[in-house]
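Take a look at the structure set out below.
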Amino acid sequence: MLPQLLASGVIMGTVYGLVAVGLGLIWGVMDVINFAHGDFLMISMYSSFWVYTLFRVDPILSWPIETALIFALGYLTYKVIIKRVVDAPGLSALLATFGLSLILRNAAQFLWSADYRYLPDTVVADRRLLLGPVMIGLPQLVAAFGSILMTFAVFYFVRRTRMGRAIQATSMDKDAARLMGVDTERVYAFTFGLGGACVGFAGALLSTFFPVYPESGALYSTLAFVIVALGGFGNVKGALQAGIIIGLAEALGGFYLGTQFKYTVVFLIYLLVMQVRPKGLFGW
Amino acid sequence: MRRSVLALVVSFTLVGLMFIGNVALAQPVVKIGAIFPLTGASAATGVKLKYAVEVAEEIINGLHPDIDVPLARTSGLPKLSGARVQFVFADHQGNPEIAKSEAERLIQNEKVVALIGCYQSSATKPASAVAERYGVPFIAGSSSSAALTERGLKWFMRIAPNDDMETKFFFDYLKFLNQNYNAGIKRVGVVFIDNEYGVHAAEMVDKWIETYKKDGFELAARIKYPTTVSNVDTEVQRVKAARLDAIFHASYIADITQFVKGYRAYDVTPKAVLNYCGGFQDPKFLENLGRDANYFSGSNAIASSLFAKMEVAKRINDLYKPKAGVDIDGPTIEDFSSALVMADAINEAGSTDPARVLEVLKTKTFYAPYFVSGKVKFDDKGQNEYSASVMVQVLNGVYEAVWPVEFKTAEPVPAFPPWRSR
């Protein structure tokens, strides 16, 4: 049973990690907690659902659409909402994203009803791999591999590209970056878009095995906060590692202590780490 | 000039007559509060319950001589001078605190004379406590926690069979399968959501297993899962490790759908899976799971396969389906019933005086031909004595009634075939 639990934990952890990468980038760079992050994930899942239902394009192929769509949603969110509150004192940005979350969630219910929807007969549906005693669903495995690839793509983008270095510079010291000629306004908008692209990609992969409904992203969003705090703000690799820790804690804690305690274990780990290392396990 | 004056007088007279006519036509309105989860995680079900109550309102206020239920053949409430009934909806979002405050708002601000709702037992509990404090009759349609009718409340009643009755029903059905189909079911487990509904269902299994041990049953697993769950892999692993012959599920639609997918993915093949009144009964269960939904069972107040035997249920479904897009199901028809029974009681009382309405609710046997029992009668604790359900099993994508034998529309399949051979 232990190998099975380890496999399940790592697989879900990588998806949690990717969701957290997007949140962590925004949090780390502009110090804004995006409460609508889970709702971006939900919009991506609906997009994946409708692209499949209307045009029969499998989520395994349609992920560029969802990724681009949620990138655009993130970019627009910055331009229309966050830009006005990013430097405002107090909780303005937090409340703005909280309001956006409510709007997106209720708009989804208004437009598509509250029904739970599944994508039937996708390329990976109902297929599984048997590796000795370990059974892994193909949709989950594809989601895990995709999440790892996307996380590393974001990591190398931030490390190797001109825009990536501008993101790092802005994250470290916005004013100094501006003095060095970095267009921090553009960096902020792009970072919000990039954060969205991460959940856009994750949403496409999740839609192959997770129900699509207006509250789809709610718990992922909560777990992402914990993972970002553990992994370190803006630390892409840290988010992936922390995601895997949380996935394992959920699987092992749930099995051995009782399934009702699985999130208790997750939040207990979070509280303990915060006491010992407030910057997170892998924080700078 | 004289013509103009005449035209003016005629115009004023016509407008006056129209106004007087409207005043004369205006009828009193009896407001009943209806609290459901219209947003949030259970909104998919809550919205369907709202549609069912709207159908009840339509039947009560309109003329429907072809539907054989109380108040259908008349318009409004005949003993209250044809007063119209208006259901005032409120959204508790699946949150007990909001259910409580909405009950308070409906009673104080909207001046409702009675309340129905709230689907989730955890929300019904505080809302009905508010109704008790104000002395307002409250009928829960589909809340099934046995504890709700064990609180000694005077103003609270419930249509649905409670978890206590359902659990006994489940064990009797398993005995039937063992005796008549040689099913060999011994190891029973309960998988339940961590809220009022799930926890009480599990407590009822703890209670009834003592009685049924002599029949060879043992309780081999109690698996509780959080109300907000992102994936149920861990829970499925625990079910698999317990090697259960039968699983009692107390789950809502999102959870039970994920569990079925998990059982398939991890090749969990119990002989029987029996679902309490909750997500299994929602026709979306069939739509989302396709052939994987086959062989799952549960208690249900109605099933589409019974429409051929129950004309009234079919007629109600004819009004409901265009709104909801799916056939009426067990919890939905129970909340339809709560609306109709409450209006029937107010009409019978000939008044909205709470004490008189309560007296009718406590003494009358209500005609309810849309249930297999055909009637509703509340006992001293407020529980419907006649809340007979049937056991339904999904066979070839249809909810078939399989037990008791007098209602059956198909033979039960006593054990799940292996997933790979489906």
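The structure presented is a predicted model; accordingly, all values stated were derived computationally and were not measured. Naming convention: chains lettered A, B, ... in sequence-line order (proteins, then strands); numbering from 1 in each chain.
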B/Lys284 vs A/Tyr116, test: side-chain contact (heavy atoms from CB on, under 4.5 Å). Steps then yes/no. CA-CA 8 Å; B/Lys284 282 283 170 191; A/Tyr116 293 80; over 6 Å; no
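- Top candidate by heavy-atom pairs under 4.5 Å with chain A, chosen from B/Val47, B/Ile193, B/Ile253, B/Thr257, is B/Thr257.
- Using a 4.5 Å heavy-atom threshold, the side chains of B/Glu235 and A/Lys262 count as touching.
- In this structure, chain A has heavy atoms under 4.5 Å from both the backbone and the side chain of B/Ala254.
- The number of heavy-atom neighbours closer than 6.0 Å to CZ of A/Phe267, taken from other residues, nucleotides and ligands shown, is above 12.
- Checked for salt-bridge contact, A/Asp115 and B/Lys48 meet the test: a charged N lies under 4.0 Å from a carboxylate O.
- Contact annotation for residues 128-137 of chain A against chain B (heavy-atom separation below 4.5 Å, listed by residue number): A/Arg128, A/Met135.
- Neither the backbone nor the side chain of A/Pro214 has a heavy atom closer than 4.5 Å to any heavy atom of chain B.
- One finds the OG1 atom of B/Thr227 at 9.5 Å from the OH atom of A/Tyr263 (value rounded to the nearest 0.5 Å).
- Proximity to chain A (any heavy atom under 4.5 Å) is shown, for B/Lys224, by both the backbone and the side chain.
- Residue A/Glu215 comes nearest to B/Gly40 through the heavy atom pair OE2-CA, 3.3 Å, listed as atom of the first residue, atom of the second, then distance.
- The two residues A/Gly254 and B/Arg238 make their nearest non-hydrogen contact at O-CD, 3.8 Å.
- The backbone N or O of B/Leu38 sits less than 3.5 Å from a side-chain atom of A/Gln109, completing a donor-acceptor pair.
- A/Ala114 and B/Ala43 make their closest contact through CB-CB, 3.4 Å (heavy atoms, listed as atom of the first residue, atom of the second, distance).
- Neither the backbone nor the side chain of B/Asp282 comes within contact range of chain A; no heavy atom of the residue lies under 4.5 Å from a heavy atom of that chain.
- When each of A/Gly9, A/Ala251, A/Ser216 is scored by its heavy-atom pairs under 4.5 Å with chain B, the top score falls to A/Ala251.
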For B/Lys261 and A/Tyr118, what are the C-alpha separation, side-chain angles and deciding distance, and is it a side-chain contact (heavy atoms from CB on, under 4.5 Å)? CA-CA 11 Å; B/Lys261 284 182 169 283; A/Tyr118 281 88; 3.1 Å; yes
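- Summarising the local packing, CD of B/Glu97 is surrounded by 12 or fewer heavy atoms from other residues, nucleotides or ligands at distances under 6.0 Å.
- Here the CG atom belonging to B/Asp194 is positioned 9.0 Å from the CZ atom belonging to A/Phe261, to the nearest 0.5 angstrom.
- B/Phe416 CZ: more than 12 foreign heavy atoms inside a 6.0 Å radius.
- In the displayed structure, A/Tyr52 atom OH is contacted under 6.0 Å by more than 12 heavy atoms of other residues, nucleotides or ligands.
- Other residues, nucleotides and ligands contribute at most 12 non-hydrogen atoms within 6.0 Å of the CZ atom of A/Phe145.
- At a threshold of 4.0 Å, the pair A/Arg117-B/Glu287 does not count as salt-bridged, since none of the basic side-chain nitrogens sits closer than that to a carboxylate oxygen.
- Looking at B/Asp233, the atoms closer than 4.5 Å to chain A (heavy atoms on both sides) all sit in the side chain, from C-beta outward.
- Scanning all heavy atoms of the two residues, the minimum distance from A/Leu5 to B/Gln237 falls at CD2-CG, 3.9 Å.
- Interface check for chain A: of the options B/Pro226, B/Ala241, B/Gly290, the most heavy-atom pairs under 4.5 Å are formed by B/Pro226.
- Taking all atoms of both residues into account, the shortest heavy-atom contact from B/Tyr266 to A/Ser8 is OH-OG, 3.4 Å.
- Considering only heavy atoms from C-beta on, B/Gln258 comes within 4.5 Å of A/Phe210 through its side chain.
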